[in-house]
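Here's the structure, in structure tokens; my notes come after.
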Amino acid sequence: MAKKEKKLTVEKSMSDFRMAYSAKRKLIERQKEDFLFALGEQWDPKDVATLKQAGIKPITDNRIAPNIFLMTGLERQNRTDFKAFPVGEEDGVKAEVASALFKDAIKTSEFQFKSSDQFKDGITCGESHLELYLDYTENMINGKPCWRKLDGNVVFPEPGHSEYDFKDCRYVYKVVLDISKEDLINLFPDKKSAIEKASGGRLNFDSFMDADGTHTQKKGYSTTDDGSGADYYKDDDGLDLIERYYKKWVETAFIGDKKTGQIQEAESSEKAKAFIDNYRAQIDQDQIAYQQTTQQVIDAHLGQMGPEAAMIPMDQHLQQLNDAGALPPPPPEQDPERFILITRMVPEIWCFSHVPGIDEPLEDARAWFYPKWKLYPFVPYYARFSTAPLTGEDRHLLVQGIVHGVKGAQEKHNKAEMLMLRHMNSTANSGWLSEEDSWVDEAKVEKFGAVPGINLVYKAGKQVPQRIFPSPLSSGHAEISAGSAEAIKAQLGINSDLLAAQQGGADSGRAIALRQRQGLLMVQEMFDNLSRSRAIAGRFLLSQLGRIYDTETAKKVLGDGFMKRNFPAPMIIDESGPDPVTGQPRQVPMPDPETGQPMEYDAPMAEVLLAEVLSGDLGKYDVVVGESVSSETQRMANASEVKDIAQAYPGLIPVDILIEESQLPQSTKTRIVQSIKQAQAAREQMALNGAAKPMPDAADKGMQ
């Protein structure tokens, strides 16, 4: 059992933050360099200065950026939506409700665009994060889901972590740079006085490191900023907010049910003990009440029989009363030891917020998303993530994007291109071969000898001057440049298959998708990690649906059509009489007890199911969060496969499924399905009336 932790202080939090920052410092520096490289800043400043002195402008042939554009374009064309898949057959409606709420939350929060931005930054430098928060500005009850993209230089997990989602971290820091005092007071109104008096509330990252780059624990922590974070600061009165999300071990009470094997967390040990005591007391009360009632029945029976009752054994009296049904039913058999109290030290997620320059924390409270979500509020994305046993500053190599590995080849390519151009410029005006004192105006020749259309005059009697032809371009430099370009392509593993670009252009959606899958082999890890990150985000969002929707807003999102289809109104026999055509009793919807009007759907059943979906516990046993196809190319491929199955097995797939999987507009799909239903209803009516030969089934027509 974990020991109870000591009270967390600002000094302790700052000490841990220094360690987390120093462990990630080299990665942050390298990530900045990766971004600059991707954006075209690919020359060393010393080399730029040397070329500038020679009057030469460095050339950058950026071969990295197009590959990033290709990857981001591919991700955007193959976007997926969250979808809840049922675990059991009975969970189908719950999964549909969760998927519909997912879709609305994605649209409201613009998650797809935030996720695409996260992917772009992640494949560039290796790391990017998303943070979910709820905005209660417009609605004080239901929060609006919002996603914030966080760069790697503001998220600092515990050094040495190896789990993708930080589940093995004792703490994870998030830094908000340059937040105004006014905004900070809005976040922590109880600390208004301390915030207004705060001075020097900015982080000095340079103070975390010694001159040799080693980490030092300093008691006299300086709060003045003259370090690496200066570029971020715009507000002279701004402060840096440090949020430490950490696992706080708290003694928690649970109620164990020995009959069902279930364990339920209690609000407190006192309430758990009171529940168990009340359960046992109720058993005793039921038994006493039964005995008292039984004795009263026996006494009344004996009183009626008079003195003769004493001649009959008590067992016979009880048998007579039992046969006559006079005895009360015994209470159900209950085990007094069914429920037991269990106490354990459980790690809760808490948030410790503080600012440099203020000795006391602004807040130390349980995180807003706990206990429905028991991980940290960050959704990480790592393009390439390794758990190799590296230590020290070498650990920055465990996180990489596509830029880091090709920087050397890109630099070599740029320099080879630069040298070729310099060689060409230096030999293009190679000069003239002439006798001494051959030119009439030698200064003119020297200045304009290479200008097109210039007329040069040489002296009579002198030999005709000959132009010196320039040397051919260096084939070595050309080969180095071409080889470097090929090396970049080979190291990135990105080729034309990712574009699905082949000769022609009439390929089917399935062929395009298959060709893209072949081209994804070397970069598959990046897309797998993206799916992994989105699954984390989906589970996080699923756990918080109860904070975003209530049953009424959920009904509006689902729509009346969904409610009527999945929660049909209870039917009762129509008292006005049977059906005049069939003579059978007619069924009509049960009237609403409040309005008296026929119920459109089973509202009580819908309320129960929606409450279960919004409870935040749906992801434990009922549904699994996955992804559904939302891109046109993937939908075309899926539609083609469904069509092939329908042709191979006629009559197996209903026509409405074929229509739903097609690429027709949704309005067209709806009209077609409605027409089929109307035709089927007309066919059934004609068959009942016997007016005509039944018309062919619409589904049969669709399969022909």
Task: Basic-acidic side-chain contact under 4.0 Å: K273, D277 - done: yes

Open item on the list: Could you tell me if D335 and Y279 have a donor-acceptor pair between their side chains, going purely by distance under 3.5 Å?
Closed with: no

Open item on the list: I'd like to know if the side chain of K372 reaches the main chain of L545, judged simply by a donor and an acceptor atom lying under 3.5 Å from each other, with no hydrogens or angles considered.
Closed with: no

Task: Shortest non-hydrogen contact between A272 and I255, atoms and distance - done: CB-CG1, 3.8 Å

TODO: Measure from NZ or CZ of K114 to the centre of the six-membered ring of W147 and say whether it is under 6.0 Å with the direction within 45° of the ring axis.
DONE: no

Task: D528/R532 salt bridge by N-O under 4.0 Å criterion - done: no

- [ ] In plain terms, say whether K555 and E607 are close enough for a salt bridge, that is, a side-chain N and a carboxylate O under 4.0 Å apart.
- [x] yes

Open item on the list: Under a 4.0 Å threshold between the charged nitrogen and the carboxylate oxygen, would E348 count as salt-bridged to K247?
Closed with: no

Open item on the list: Taking the ring centre of each residue, are F275 and F339 less than 6.0 Å apart?
Closed with: yes

Task: Flag for D299-Q295: side-chain donor and acceptor within less than 3.5 Å - done: yes

Open item on the list: I'd like to know if R344 pairs up with E251 as an ion pair, taking the criterion as any Lys NZ or Arg NE/NH1/NH2 lying under 4.0 Å from an Asp or Glu carboxylate oxygen.
Closed with: no

TODO: Give a yes or no on whether the ring-centroid distance for F540 and F369 is below 6.0 angstrom.
DONE: yes

Task: Nearest heavy atoms of M599 and A569, plus distance in Å - done: O-CB, 3.3 Å

Open item on the list: Ring centres under 6.0 Å, that's the criterion: do H161 and F166 meet it?
Closed with: yes

Task: Closest non-hydrogen atom pair between P336 and R280, with its separation - done: O-NE, 3.0 Å

Task: Between Y245 and F352, ring centroids under 6.0 Å - done: no

- [ ] Say whether S533 and Y164, considering side chains only, have a donor N or O and an acceptor N or O under 3.5 Å apart.
- [x] yes

Open item on the list: Quick one: does any side-chain atom of Y549 pair with a main-chain N or O of A105 as donor and acceptor, under 3.5 Å?
Closed with: yes

Task: Short N-O contact, R338 and D257, less than 4.0 angstrom - done: yes

Task: K107 side chain reached by K103 side chain, heavy atoms, under 4.5 Å - done: no

Task: salt_bridge(K174, E131) N-O dist < 4.0 Å - done: yes

Open item on the list: So I106 and Q112, do their side chains get closer than 4.5 Å, heavy atoms only?
Closed with: yes

Task: Check: F567 ring centroid to Y601 ring centroid under 6.0 Å - done: no

- [ ] Could you go through the side-chain hydrogen bond (donor to acceptor under 3.5 Å, both in side chains) check for D315 and Q319 one step at a time?
- [x] CA-CA 6 Å; D315 292 343; Q319 185 64 40; over 6 Å; no

- [ ] Could you tell me whether E110 atom CD has more than 12 heavy atoms of other residues or ligands within 6.0 Å of it?
- [x] no

